[in-house]
Amino acid sequence: MTTPLLIIDAANVVGSVPDGWWRDRFGATERLRDKLASLPSSGVAGIEPPMDVVMVVEGKARGVESSDTIRVVAAPKSGDGDDAIVDLVRTEGTDRSCYVVTADRGLKARVIELGASVLGPSTVR
């Protein structure tokens with residue numbers, strides 16, 4: 001059995017709660033990464049562990065580093081987070097169950113077309 005892949009649209013998930021994240025996007029993204037630390041071993045939304053968790057960051061959060069359990073991928077340029085997520089689905093999610101956490105309608109359509117499933121931000125918040 002292959003390990004499922006969970007890709008998190010960090011900007012979309014951070015932005016889903018009006019908690020002042022806009023004052024410190026970098027810090028808010030680090031806090032999200034740390035909050036997600038147990039996902040690979042605990043699972044989420046009916047996805048049994050273990051799972052590989054990748055968080056895609058962009059803009060002012062591009063310097064956020066990976067942790068022991070969450071791999072962080074920085075979009076090559078600010079605003080290219082959606083393209084980075086689609087690339088991950090194409091390169092790492094085609095031979096296994098792949099889930100993308102986002103509420104972005106355009107991104108949802110793109111990854112569903114590639115065979116990924118989509119979960120809403122509240123799944124991991």
Verdict with supporting geometry, Arg110 and Asp83, salt bridge (Lys or Arg N to Asp or Glu O under 4.0 Å): CA-CA 9 Å; Arg110 292 173 69 189; Asp83 291 340; 2.9 Å; yes
Applying the 4.5 Å side-chain criterion to the ILVMFWY set and letting contacts propagate, would [X] and [Y] be lumped into a single cluster?
X	Y	answer
Val17	Val124	no
Leu5	Ile47	no
Val54	Leu39	no
Leu6	Ile112	no
Val100	Met55	no

Set of side chain to side chain contact (heavy atoms under 4.5 Å, CB included) partners for Ser66, sequence neighbours left out: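 Expected list: Arg71, Val72.
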Kindly compute the distance separating [atom1] ([X]) from [atom2] ([Y]), expressed to the nearest 0.5 Å.
X	Y	atom1	atom2	result
Ile70	Leu36	CD1	CG	5.0 Å
Ser42	Glu48	OG	CD	10.5 Å
Leu32	Trp21	CG	CH2	12.5 Å

Shortest non-hydrogen contact from [X] toward [Y]:
X	Y	result
Thr94	Arg90	CG2-O, 3.3 Å
Asp24	Gly27	OD1-N, 2.9 Å
Tyr99	Leu119	CB-CD1, 4.2 Å
Ser67	Arg33	CB-CD, 3.8 Å
Val89	Cys98	CG2-SG, 4.0 Å
Asp80	Glu58	N-OE1, 3.8 Å

Backbone of Arg125 reached by a side-chain donor or acceptor of Lys35 within 3.5 Å: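 Looks like yes, one N/O pair under 3.5 Å.
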SB check Asp52 Arg96 (cutoff 4.0 Å): yes
Arg31 with Asp34: basic N within carboxylate O range, under 4.0 Å: no
Can you find a pair of side-chain heavy atoms, one from [X] and one from [Y], that are under 4.5 Å apart?
X	Y	value
Val57	Val73	no
Asp9	Val56	no
Val53	Ile8	yes
Ile85	Thr102	no

